[in-house]
Amino acid sequence: MIRVNNLTKRFDDVSVLRDISLSVEPGEFIALLGPSGSGKTTLLRIIAGLEFQDEGEVLVDGRDVSGLSVRDRQVGFVFQHYALFRHMTVAQNVGFGLSVRKRNRPPKREIEARAQELLRLVQLDGLGKRYPSQLSGGQRQRVALARALAIEPKLLLLDEPFGALDAKVRKDLRRWLRDLHRQMGLTSIFVTHDQEEALELADRVVVMDHGVIEQIGTPEEIYMEPATPFVSHFVGETNHLPDGLHVRPHDLRIVEEGGEAVLVDNVFRKGGVWRVEGVLSGTGEIVEIDLDAGSPAPQPGATIRVQPLRSKSFGG
Amino acid sequence: MTSLSLSRGRWRQPSVLPGFGLTFGVSVIWLSLIVLIPLATIFLRSAGMGWSDFVAAGFSDRALAAYRLSFGTAAAAGLVNVVFGLLIAWVLVRYSFPGKRVIGALVDLPFALPTAVAGIALTTIYAPSGWIGQFLDPLGVKVAFTPLGITIALIFIGLPFVVRSVEPVLADMGLEVEEAAATLGAGRAQTFFRIILPSILPALITGFAMAFARGVGEYGSVIFISGNMPGKTEIAPLLIVTQLEQYAYDGATAIATVMLVVSFAILLLLNGYQTLRRRRMGA
């Protein structure tokens, strides 16, 4: 449905996107994951039509939309800081997209009814007469979402949608967004720097760094089979053992003989496991190990030997 | 704790910000010395006149014509400044171009320039033989020595008020809101009239109010370009000075009082509207 071919973008002399290609199937939920400066937001904004590429093309249903302005693309866009219209009520915000239509603008009453309906959908019914400043952050983001959905977009784009919210609200909204995406049969792309968020929500994750796509895959593939050292490092926690071995904390086991010697620094309970922090005797690298909480915890100061159950090698 | 906060009185909440008593006290004294007491003497003086004398001096035909001219030209100049001040503020906030700082400084020049200098310069340019006046004269447009000339002088004086009050609000608004409007299908005009304009309206009104108030009281730049014909191009501040020169202190005071009351009422109205709006938006 959406194809991005060989996209390149420069700001002055800095390349922010280099030869990006990507395809998104109808109904998919895609995460663009990367650190700040990876180009993920720029990619999202180019797909939306808020920014224009230097080279390459964006195809929607096989049609090149590169020349189409953002108003004609009918794309729902949710901004990190909501970008609500402060001087309008919540209901007016939601109805805005319908009220500015040049052709087949629905009558006023219908727009109001539609706004009510959408507010019910985002579980904010009854708040239509309030102003954005009278709402909490989570409520504002849901208004922004309802506003974006009002134009019945085929494609929903979200730029760090939960970035400005606190942890608990984030978690609730995350689950809720996932349900909404399924329920409405949307195709959605969202930008995040939070790997947990990407792995939890997305059907497929696009990991980016320095304007390049490092890996595209399901959350399972990204976590278990990282394609590059960057992905292994950025997604989930990774220990560096000698010989370029990358090992997850839960993939290390204590052994009597062989393995690597680790000087234990600190031991604490992390959810259902013991988290052991130590230093590799050989290289001085910091190592994190998760041990079954049922087993006895090693003492700080002790030296233990660990061996990877599974690992990923990226060469020396 | 409770007794402490109660003893502080009901005007103020307990706060970590120190020095409320001191700063508030100094503010009141300062405002009294600079604003309140001088203005109060005007009222005292006119109160001593007796009602019929006051009406005769404050509402004579000549005075009424002067009020109409002063408030009318100040309002017209304020409205023109709202349009072009907004435009200049927009250019200064949204675009970067060589010489932007120079333009920014130019905007403030009417603040700094002695108003008489501005008045003489404007008169020279707009007089029938002047640089611009010579082109307008054949078209039958007379600027110097007409209300139009007065308005132009007041536009010059009031410009920085509008630009400087709108600029920060415009900068603060950011592009995201406009982008949001665009993704929802709004055109440029719709975005301007439905999103941008309502957001900066309070700042525009503030700018208008200041430019208007300044225009009503403006003297130095106007007297050169106005021609000062009683009943035609005589502004109220000039009428006051004229009365003083004729030792008609009561007349001058009466006119001053009327101007003061009207100006204060208009500013109060504009401020009240702002407060109402702000409360409604819950911000």
Side-chain angles (χ1 to χ4, degrees), chain A residues 41 44-45 47-51 68-90 92-105 127 129-135 143-153 155-160, chain B residues 82 86 89-90 93-98 100 165-209 270-283:
Chain A
T41 295
L44 191 79
R45 288 170 61 87
I47 295 173
L50 289 169
E51 210 103 51
L68 221 53
S69 93
V70 54
R71 340 180 210 294
D72 302 321
R73 288 199 193 184
Q74 220 190 347
V75 161
F77 200 100
V78 176
F79 293 83
Q80 180 177 5
H81 299 289
Y82 330 125
L84 294 179
F85 308 134
R86 278 181 284 185
H87 61 284
M88 290 186 196
T89 64
V90 166
Q92 284 169 337
N93 264 280
V94 176
F96 183 81
L98 294 175
S99 72
V100 293
R101 268 200 200 161
K102 296 232 165 61
R103 266 170 296 164
N104 9 318
R105 178 189 308 164
L127 298 186
K129 290 209 167 63
R130 300 239 189 129
Y131 283 88
S133 58
Q134 297 163 323
L135 302 182
V143 174
L145 195 64
R147 184 179 68 176
L149 292 175
I151 58 168
E152 291 169 14
L155 179 62
L156 183 64
L157 304 175
L158 307 104
D159 184 9
E160 301 257 4
Chain B
V82 162
L86 172 58
W90 180 273
V93 169
R94 280 301 158 80
Y95 306 103
S96 55
F97 49 88
K100 181 171 168 170
S165 55
V166 173
E167 222 182 333
V169 182
L170 215 49
D172 186 48
M173 207 171 67
L175 284 172
E176 242 187 21
V177 184
E178 284 171 58
E179 286 179 348
T183 62
L184 293 168
R188 289 309 298 166
Q190 284 171 322
T191 305
F192 181 79
F193 285 106
R194 298 195 46 188
I195 305 298
I196 300 172
L197 200 59
S199 308
I200 57 172
L201 192 63
L204 270 180
I205 292 175
T206 303
F208 171 80
L270 290 174
N271 269 330
Y273 171 75
Q274 303 274 51
T275 316
L276 204 74
R277 218 184 115 89
R278 215 166 293 142
R279 193 170 304 154
R280 216 192 49 167
M281 279 169 61

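Computed over heavy atoms, backbone and side chain alike; hydrogens, waters and symmetry mates excluded. Chain A is the first sequence line, chain B the second, and so forth, proteins listed ahead of strands; every chain is numbered from 1.
When heavy atoms are compared at a cutoff of 4.5 Å, A:T89 does not approach chain B at all. Heavy atoms of A:R45 lying under 4.5 Å from chain B belong exclusively to its side chain. Within the 4.5 angstrom heavy-atom criterion, only backbone atoms of A:A148 (N, CA, C, O) approach chain B.
To the nearest 0.5 angstrom, A:R71 atom CZ is 11.5 Å from B:L184 atom CG. Summarising the geometry, atom CD belonging to B:E176 is positioned 7.5 Å from atom CG belonging to A:D159; distances are rounded to the nearest 0.5 Å.
At most 12 heavy atoms of other shown residues, nucleotides or ligands fall within 6.0 angstrom of atom OH in B:Y95. Within a 6.0 Å sphere centred on CZ of A:R105, heavy atoms belonging to other residues, nucleotides or ligands number more than 12. Within 6.0 Å of CZ in B:F193 there are 12 or fewer heavy atoms belonging to other residues, nucleotides or ligands.
Between the side chain of A:H87 and the backbone N or O of B:I200 there is no donor-acceptor pair closer than 3.5 Å.
You'll find the side chain of B:R194 reaches within 4.5 Å of the side chain of A:F96, heavy atoms only.
A:V100 and B:Q190 get closest at one heavy-atom pair: O-NE2, 3.0 Å. Here the closest non-hydrogen pair linking A:A83 and B:A180 is O-CB, 3.9 Å.
In terms of non-hydrogen atom pairs under 4.5 Å with chain A, the most contact-rich of B:V177, B:I195, B:L201 is B:I195. Options A:K102, A:R130, A:R101 differ in how many heavy-atom pairs under 4.5 Å they form with chain B, and the most are formed by A:K102. Here A:R147 is the residue among A:Q74, A:R73, A:R147 with the most heavy-atom pairs under 4.5 Å with chain B.
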